[in-house]
K.L.:
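Following this message is one structure expressed as structure tokens.
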Amino acid sequence: MKHKILDRLHEVDGFLSGEKLSEEFGLSRTAIWKHVKALKADGYQIESVTRKGYRLVASPDIVNYDEIKEILHTKIVGSRVIYFNSLESTNKTAKEIAAVNNEGTVVVAEQQTKGRGRLGREWISPNRKGLYFSVILKPDTDPTKVAKLTLLGAAAVNRGLLDMGIQSQIKWPNDIVIKGKKVAGILTEMNCELGTINHIIIGIGINVNQSNEEIPYELRDSATSLLIESNRAINRKDLFAAVLNRLDEFYLDFIDGEDMDRVLEICREESAVIGKDVIVIQGSNSRKGHVVGINNDGELQVRFSTGLETVYSGEVSIRKEDEYI
Ligand code: BT5
């Protein structure tokens with residue numbers, strides 16, 4: 001009910017009387033007042049004036065469904081948005097609930113206490129400073145396509161940022177960088193059996209409004225935020241919706257004949273590594289190479305001194321020769 005009351009408060013410019021609300025919803029005025037109180041506890045600033053009623057003054061900086069539904073234009077992604085104040089990891093929770101939720105379900109949290117990167121690494125996720133969410137997808141395809149699907153997330157974040165007026169680049173396969181520093185990371189995890197994908201989880205972490213001091217000291221050479229790079233606070237709700245809208249658009253292409261042309265085009269054109277000298281790190285083995293391109297399966301093609309090789313996204317890190325990441 002509080003969501004419905006909130007919708008009505010959003011709709012009107014000025015005050016909405018308690019009497020009108022209680023008539024509309026068939027509730028007592030005390031019940032209405034209790035819901036308003038609950039909304040206030042959620043962080044909504046609601047003015048209440050005797051004989052005038054209630055007026056929404058400001059919404060909190062939170063990224064739940066209520067706050068993005070007006071700007072979400074998706075068919076699949078975001079069909080359900082499950083919101084948490086704090087989680088260990090949105091990927092972990094998404095995995096736990098994937099079997100009993102439809103594809104398109106998004107798990108989002110304002111902070112993560114054990115945010116995960118690839119290969120057991122950590123993703124620092126301070127409260128309300130960034131966006132941390134995971135999307136459950138159930139594509140009817142085989143596990144060999146996962147390299148391509150990994151790129152969906154990268155293309156969606158890069159385009160979502162562009163929709164917000166921010167230019168960034170994709171560092172294959174899962175980093176989004178601005179001026180060589182990482183601003184977002186993507187962790188794609190797959191659950192499959194007997195040659196079919198049960199589900200994949202695309203986990204996205206974006207550094208949004210951290211100041212330089214709020215970036216951990218040891219990461220300051222390699223990490224940045226949108227606030228630092230654009231010199232303005234970024235509306236997390238708009239960005240969240242922009243990335244989900246793009247992800248939906250690209251995923252619809254994928255399920256319609258596995259068309260990844262646009263995603264591949266974006267990953268190539270907006271690449272931070274194509275044409276660059278890099279260090280390819282696989283386990284304890286590092287080799288220098290030159291990135292030639294991304295093939296149609298979404299894999300990186302690198303020329304080493306020993307010849308041209310295809311590099312798979314699973315267990316590899318790419319570092320530009322002249323940069324920290
Ligand atoms: C990634 O791993 O870049 C994937 C990060 C995915 C995070 C999202 S948040 C929502 C969802 N739920 C999760 O639990 N995870 C996903 P990787 O390429 O392994 O990069 C990790 C490395 O980046 C760390 O070892 C640090 O060096 C660095 N790092 C950690 N936190 C960072 C941050 N906030 N910004 C930039 N770099 C960071």
Side-chain angles (χ1 to χ4, degrees), residues 63 81-84 86-98 105-137 150-154 156-158 160-161 168-190 200-229 236 239-240 243-244 247 272-273 278-283 300 313-320 323-325:
V63 287
V81 177
I82 309 178
Y83 171 84
F84 295 86
S86 178
L87 279 181
E88 278 190 8
S89 150
T90 57
N91 263 42
K92 179 171 179 270
T93 299
K95 256 187 190 177
E96 287 162 3
I97 64 161
T105 299
V106 177
V107 175
V108 59
E110 298 291 1
Q111 70 167 5
Q112 297 183 119
T113 53
K114 283 188 188 157
R116 302 206 297 228
R118 295 188 309 151
L119 310 171
R121 292 187 289 239
E122 183 192 10
W123 186 257
I124 312 277
S125 318
N127 191 22
R128 297 191 188 187
K129 293 288 175 184
L131 282 171
Y132 321 107
F133 59 97
S134 302
V135 182
I136 299 167
L137 297 176
T150 298
L151 297 185
L152 270 183
V157 174
N158 224 46
L161 287 173
S168 52
Q169 287 185 304
I170 300 170
K171 192 168 142 283
W172 183 95
N174 71 309
D175 291 350
I176 303 298
V177 297
I178 298 180
K179 293 189 209 129
K181 289 185 177 186
K182 184 157 168 169
V183 74
I186 296 138
L187 174 65
T188 306
E189 298 183 283
M190 175 173 64
I200 66 167
I201 311 279
I202 301 184
I204 295 176
I206 310 176
N207 298 333
V208 185
N209 287 327
Q210 288 100 325
S211 65
N212 200 38
E213 295 68 43
E214 287 167 329
I215 304 270
Y217 184 75
E218 61 283 7
L219 291 181
R220 279 190 205 157
D221 286 332
S222 61
T224 190
S225 74
L226 300 177
L227 170 75
I228 296 169
E229 296 305 321
R236 293 185 311 134
L239 178 61
F240 186 26
V243 174
L244 294 180
L247 195 57
V273 293
V278 295
I279 299 165
V280 176
I281 306 155
Q282 279 160 305
L300 200 68
S313 61
E315 279 161 10
V316 68
S317 294
I318 305 287
R319 193 146 60 75
K320 290 226 285 215
E323 283 171 5
Y324 292 97
I325 58 163

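Counting convention: from 1, in listed order, for ligands and their atoms alike. Values below: every heavy atom of this structure, side chains too, minus hydrogens, waters and symmetry copies.
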K.L.:
Considering only heavy atoms of Ile186, which atoms of ligand 1 have at least one such atom less than 4.0 Å away?
P.N.:
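Listed by number with element: 4 (C).
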K.L.:
Can you give me the closest heavy-atom contact between Gln111 and Pro126, atom names plus distance?
P.N.:
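Looks like CB-C, 4.2 Å.
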K.L.:
Please work out whether any backbone atom (N, CA, C, O) or any side-chain heavy atom from C-beta onward of Arg118 is under 4.0 Å from ligand 1, and answer side chain, backbone, both or neither.
P.N.:
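It is both backbone and side chain that touch ligand 1.
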K.L.:
Near Ala223, which atoms of ligand 1 are under 4.0 Å from a heavy atom of that residue?
P.N.:
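This gives 35 (N), 36 (C), 37 (N) as the contact atoms.
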K.L.:
Could you tell me whether Ile204 approaches ligand 1 through its side chain, its backbone, both or neither, with non-hydrogen atoms closer than 4.0 Å?
P.N.:
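Just the backbone.
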K.L.:
For atom 28 (C) of ligand 1, find the nearest protein heavy atom and state the residue, atom name and distance (0.1 Å precision).
P.N.:
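Residue, atom and distance for the closest contact: Leu219 CD2, 4.0 Å.
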K.L.:
Specify the protein heavy atom at minimum distance from atom 3 (O) of ligand 1: its residue, its atom name, and the distance to 0.1 Å.
P.N.:
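Looking only at protein heavy atoms, the one closest to atom 3 (O) of ligand 1 is Lys182 NZ, 2.7 Å.
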K.L.:
Working to the nearest 0.5 angstrom, can you tell me the gap between Leu119 CG and Ile281 CD1?
P.N.:
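It comes to 10.5 Å.
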K.L.:
Specify side chain, backbone, both or neither for Asn207, according to which of its non-hydrogen atoms lie closer than 4.0 Å to ligand 1.
P.N.:
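The part of Asn207 near ligand 1 is the side chain, not the backbone.
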K.L.:
Which of the atoms in ligand 1, numbered in the order shown and given with their element, are less than 4.0 Å from a heavy-atom of Ser89?
P.N.:
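In order of numbering, the contacting atoms are 12 (N), 13 (C), 14 (O).
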K.L.:
Report the nearest protein non-hydrogen atom to atom 38 (C) of ligand 1: residue, atom name, distance rounded to 0.1 Å.
P.N.:
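Protein heavy atom with the smallest distance to atom 38 (C) of ligand 1: Trp123 CZ3, 3.5 Å.
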K.L.:
For ligand 1, which atoms sit closer than 4.0 Å to a heavy atom of Gly115?
P.N.:
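Within the 4.0 Å cut-off of Gly115, ligand 1 contributes 14 (O).
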K.L.:
Show the numbers, then the answer: is there a side chain to side chain contact (heavy atoms under 4.5 Å, CB included) between Ile215 and Ile228?
P.N.:
CA-CA 10 Å; Ile215 304 270; Ile228 296 169; 3.9 Å; yes
K.L.:
What are the atoms of ligand 1, with element, lying closer than 4.0 Å to any heavy atom of Asn174?
P.N.:
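Every atom of ligand 1 under 4.0 Å from some heavy atom of Asn174: 1 (C), 2 (O), 3 (O), 4 (C), 18 (O).
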K.L.:
Please write down residue, atom name and distance for the protein heavy atom closest to atom 31 (N) of ligand 1.
P.N.:
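Scanning the protein heavy atoms, the shortest distance from atom 31 (N) of ligand 1 goes to Ile124 N, 2.9 Å.
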K.L.:
Could you check atom 9 (S) of ligand 1 against the protein and tell me its nearest heavy-atom contact, residue, atom and distance included?
P.N.:
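Result: Gln112 NE2, 3.3 Å.
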K.L.:
Under 4.0 Å, heavy-atom basis, I'd like to know which part of Lys92 is in contact with ligand 1: side chain, backbone, both or neither.
P.N.:
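It is neither part, as no heavy atom is under 4.0 Å.
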K.L.:
Using a 4.0 Å cutoff against the non-hydrogen atoms of Glu122, which atoms of ligand 1 qualify?
P.N.:
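Every atom of ligand 1 under 4.0 Å from some heavy atom of Glu122: 21 (C), 24 (C), 30 (C), 31 (N).
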K.L.:
Show me which atoms of ligand 1 lie under 4.0 Å from any heavy atom of Phe133.
P.N.:
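Answer, ordered by atom number: 10 (C).
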K.L.:
Determine the minimum heavy-atom distance between Ile201 and Ser134, stating which atoms define it.
P.N.:
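Of all heavy-atom pairs spanning Ile201 and Ser134, the closest is CG2-CB, 3.7 Å.
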K.L.:
Taking 4.0 Å as the limit for heavy-atom contacts, which would you say applies to Ser134 with ligand 1: side chain only, backbone only, both, or neither?
P.N.:
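Side chain only.
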K.L.:
Would you mind running through ligand 1 and noting each atom that sits below 4.0 Å from a heavy atom of Arg116?
P.N.:
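Listed by number with element, the hits are 5 (C), 6 (C), 7 (C), 13 (C), 14 (O), 15 (N), 16 (C).
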K.L.:
Who gets closest to atom 19 (O) of ligand 1 by heavy atom: Lys129, Arg121, Glu218?
P.N.:
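Closest candidate by heavy-atom distance is Arg121.
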K.L.:
Flag the pair Glu229 and Lys181 as a salt bridge only when some basic side-chain nitrogen lies within less than 4.0 angstrom of an acidic carboxylate oxygen.
P.N.:
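A salt bridge is absent here (no side-chain N lies under 4.0 Å from a carboxylate O).
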K.L.:
Hey, is ligand 1 close enough to Tyr132 that some N/O pair sits below 3.5 Å?
P.N.:
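Min N/O separation from ligand 1 is not below 3.5 Å for Tyr132.
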K.L.:
Just to confirm my output: which protein heavy-atom neighbour is closest to atom 10 (C) of ligand 1, and how far is it?
P.N.:
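Going atom by atom, the protein heavy atom closest to atom 10 (C) of ligand 1 ends up being Thr90 OG1, 3.1 Å.
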K.L.:
Which heavy atom of Val243 sits nearest a heavy atom of Val157, and at what distance?
P.N.:
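The pair with the smallest heavy-atom distance is CG1-CG2, 4.1 Å.
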K.L.:
Please find the pair of heavy atoms, one from Thr90 and one from Phe133, that lie closest to each other, and give the distance.
P.N.:
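Closest approach of Thr90 to Phe133, heavy atoms only: OG1-C, 3.6 Å.
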